[in-house]
Amino acid sequence: MNIEEIYQVYLQHPDVQTDTRKIKEGELFFALKGPNFNGNSFAQQAVDAGAARVIIDEAAYEIPGKTILVDDVLTTLQQLAAHHRDQFRFPVIAITGSNGKTTTKELIHAVLSSTYKTYTTTGNLNNHIGVPLTLLKIRDDAQMAVIEMGANHLLEIKGYCRVAKPTHGLITNVGKAHLEGFGSLEGVKKGKGELYDFLRERGDGTAFVMWDYDYLRAMSRGIATIVSYGTGEADVVGAAKGHTAFLEVNFIKPATTTIQTQLVGDYNLPNVLAATAIGDYFNIPMEKIKRAIEQYTPSNSRSQLLEKGSNKIILDAYNANPSSMKLAIENFADRAGSNKMLLLGAMAEMGAASVAEHESIVELIRRYKWQNVVLVGKPFAPYANEFNCFESSDKAAEWMKGHKPENTLLLIKGSRSTQMEKILEVL
Ligand code: ATP
Ligand code: MG
């Protein structure tokens with residue numbers, strides 16, 4: 001079967017599944033291969049569970065009338081998504097960047113959904129499987145699509161752009177994230193810049209650009225339409241009020257108004273500005289934009305403010321890298337109150353930069369002279385005579401049982417792998 005023929009099958013069975021454990025009646029199952037499994041071997045199981053058809057790439061697993069044999073299941077998934085995308089006649093907005101992609105995507109989705117039928121990435125499904133799956137979820141009633149694209153090495157975003165063919169795009173920022181795969185900050189810039197390259201090359205692309213960041217201004221040069229947002233001179237202008245529990249943004253453009261978010265941390269300001277700029281660009285009145293952003297609450301341990309007993313906790317245990325770690329610590333330092341406890345987990349995927357980057361985080365912490373600092377993970381082990389250092393969040397949680405804070409503001413942040421949220425359980 002060629003892609004056009006498989007597309008006809010997809011139109012009959014548009015619910016795509018890649019996980020046999022979740023398969024439902026009538027779905028189209030793609031038997032992907034992973035490092036530890038061969039999806040092909042689940043073909044029969046998928047059929048038994050009700051899969052309408054199963055896409056496989058090993059003839060040994062053929063089931064007459066049920067399987068579709070292709071050269072490579074992953075390539076077919078991506079080609080099918082690209083083919084589906086070619087039918088769209090509405091804006092496809094791609095988002096990449098080092099930090100804040102999901103938050104920005106969700107804010108944009110909240111804003112656009114107030115007025116348009118908008119499809120977007122579920123959770124954080126932003127990779128070589130998630131991007132095509134997101135596209136294949138889009139149905140006839142769509143008026144907008146917002147696609148998150150994550151990357152940890154060069155040419156990844158370029159590949160996703162070939163599939164999703166964005167008409168509009170946004171790079172949240174370029175920071176020190178995934179240095180292992182990108183090699184250097186220059187590498188990260190180049191990698192994220194592949195989105196701008198795609199928009200530039202298509203001739204009629206539109207980029208939403210954070211105008212405060214000189215590097216984004218420079219990188220976006222040559223793109224047909226640029227919509228700017230920022231704190232200074234830009235199409236959409238707003239500033240954080242500062243020292244508030246939740247971020248409040250005073251807007252001057254497109255209208256004078258204040259948006260009271262439910263987001264913790266002034267580092268969310270660019271995310272709010274971006275969502276406002278996109279809403280305004282697509283003719284959504286500021287009143288509606290404001291309402292949508294004010295109603296949005298983050299989930300999955302991303303910048304949440306929790307209260308437990310007499311303590312307040314900023315839970316940011318979803319991920320961490322040098323850029324987001326630094327901002328979170330500075331934001332924590334800016335907050336009112338003298339009883340503070342800092343709990344940081346190590347930053348993953350740092351490659352050769354790991355030692356130096358953990359050292360600079362420690363240097364930053366030293367500056368604030370906090371009494372209560374808990375550090376988790378091997379990269380922090382060298383600082384054990386200065387701070388409370390633990391190998392794992394389990395060990396830190398154990399220690400916390402005997403050192404429970406009261407009337408304290410806590411910041412909990414770390415890479416996903418350090419599982420810093422476990423500490424919450426003992427509070
Ligand atoms: P991932 O690479 O895992 O997909 P992401 O780019 O989607 O991450 P989010 O999940 O939105 O990012 O946010 C993760 C964390 O990044 C937040 O909890 C916060 O600490 C930090 N962060 C969010 N927005 C920004 C921003 N604009 N600048 C810097 N750091 C940010
Ligand atoms: Mg994300």
Side-chain angles (χ1 to χ4, degrees), residues 94-110 120-128 130-131 134 146-153 156-157 160 170-182 188 191-192 195 208-210 212-213 215-216 229-231 238 240 246-247 249 261-277 293 296-306 313-332 342-345 347-350 361 411-418 420-421:
I95 302 180
T96 190
S98 297
N99 292 302
K101 295 180 291 297
T102 298
T103 312
T104 306
K105 173 211 79 185
E106 298 200 346
L107 287 167
I108 294 168
H109 179 254
T120 190
T121 304
T122 307
N124 201 36
L125 288 175
N126 64 13
N127 65 7
H128 59 293
V131 171
T134 303
V146 184
I147 317 280
E148 175 175 341
M149 298 178 175
N152 53 25
H153 57 81
E156 218 176 336
I157 298 296
Y160 300 157
L170 186 149
I171 298 177
T172 56
N173 48 55
V174 175
K176 292 181 179 173
H178 301 294
L179 285 175
E180 205 164 64
F182 283 116
V188 185
K192 308 294 174 189
L195 172 56
F208 301 96
V209 182
M210 175 55 175
D212 291 13
Y213 302 158
Y215 63 91
L216 285 184
Y229 56 90
T231 56
F246 291 103
L247 169 68
V249 185
T261 76
Q262 301 188 57
L263 300 163
V264 173
D266 287 358
Y267 49 79
N268 279 299
L269 173 69
N271 309 346
V272 170
L273 295 178
T276 306
I293 294 176
Y296 173 73
T297 51
S299 55
N300 298 337
S301 312
R302 283 185 184 86
S303 312
Q304 285 175 293
L305 187 65
L306 310 173
I313 303 154
I314 301 168
L315 180 62
D316 196 353
Y318 171 74
N319 69 10
N321 52 54
S323 311
S324 73
M325 197 73 131
K326 183 167 176 282
L327 284 172
I329 294 168
E330 287 169 351
N331 191 264
F332 182 63
L342 183 67
L343 300 108
L344 298 184
M347 301 174 289
E349 279 191 69
M350 296 302 305
I361 292 299
L411 170 65
I412 302 183
K413 183 164 176 78
S415 278
R416 198 77 291 284
S417 55
T418 53
M420 291 300 283
E421 67 283 353

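By convention here, the first residue in the shown sequence is residue 1. Counting starts at 1 for both ligands and their atoms, in listed order. Please read these numbers as outputs of a predicted model, since none were measured by experiment. Side chains included, hydrogens not; waters and symmetry mates left out as well; all remaining heavy atoms used.
- For Glu148, the heavy-atom gap to ligand 1 drops under 4.0 angstrom.
- Nearest heavy atoms, Ala320 versus Met325: CB-SD, 4.1 Å.
- Contact annotation: the side chain of Asn173 never approaches that of Ser323 to less than 4.5 Å [non-hydrogen atoms, C-beta and beyond].
- At a 4.0 Å heavy-atom cut-off, ligand 1 does not touch Thr172 at all.
- Under 4.0 angstrom from ligand 1, there are no non-hydrogen atoms of Lys105.
- Not a single N, O or S atom of Asn319, from either the backbone or the side chain, sits less than 2.8 Å from the Mg ion (ligand 2).
- Close contacts between ligand 1 and Asn126 involve ligand atoms 4 (O) [criterion: under 4.0 Å to a heavy atom].
- In plain terms, the two heavy atoms of Thr172 and Leu216 that are nearest each other are O-CD1, 4.1 Å.
- Atoms of ligand 1 lying under 4.0 Å from at least one heavy atom of Asn173, given by number and element, are 26 (C), 27 (N), 28 (N).
- Ile329 is listed as a side-chain neighbour of Leu344, based on a closest heavy-atom distance under 4.5 Å.
- In summary, Thr103 places no N/O/S atom under 2.8 Å from the Mg ion (ligand 2), failing the contact criterion.
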Might you work through the side-chain contact (heavy atoms from CB on, under 4.5 Å) test for Thr261 and Leu107, ending with a clear yes or no? CA-CA 10 Å; Thr261 76; Leu107 287 167; over 6 Å; no
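- Each of the following atoms of ligand 1 lies closer than 4.0 Å to a heavy atom of Ser98: 6 (O).
- Looking at Asp316 against ligand 1, only its side chain comes within 4.0 Å, counting heavy atoms.
- Nearest to atom 8 (O) of ligand 1 by heavy atom, out of Thr103, Asn319, Leu327, is Asn319.
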For side-chain contact (heavy atoms from CB on, under 4.5 Å), just list the numbers for Glu148 and Asn124, CA-CA rounded to whole Å, side-chain angles, deciding distance to a tenth of an Å, and then say yes or no. CA-CA 8 Å; Glu148 175 175 341; Asn124 201 36; 2.8 Å; yes
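- Where the criterion is an N or O separation shorter than 3.5 Å, residue side chain and backbone included, Thr104 fails it with respect to ligand 1.
- The aromatic rings of Tyr213 and Tyr215 sit parallel, their planes meeting at an angle under 30°, below the 60° perpendicular limit.
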side-chain contact (heavy atoms from CB on, under 4.5 Å) between Lys176 and Asn321, worked out: CA-CA 7 Å; Lys176 292 181 179 173; Asn321 52 54; 5.9 Å; no
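- The shortest N or O to N or O distance between His178 and ligand 1 is not under 3.5 Å.
- Ligand 1 lies nowhere less than 4.0 angstrom from a heavy atom belonging to Arg416.
- The N/O atoms of Ser324, backbone and side chain alike, include none that comes under 3.5 Å of an N/O atom in ligand 1.
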Verify side-chain contact (heavy atoms from CB on, under 4.5 Å) between Asn152 and Glu180, making sure each step is shown before the conclusion. CA-CA 8 Å; Asn152 53 25; Glu180 205 164 64; over 6 Å; no
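- Closest approach between the Mg ion (ligand 2) and any N/O/S atom of Glu148 involves OE2.
- Using a 4.0 angstrom heavy-atom cutoff, Gly175 does not count as in contact with ligand 1.
- For the pair Tyr296 (side chain) and Gln262 (backbone), a donor-acceptor distance under 3.5 Å is absent.
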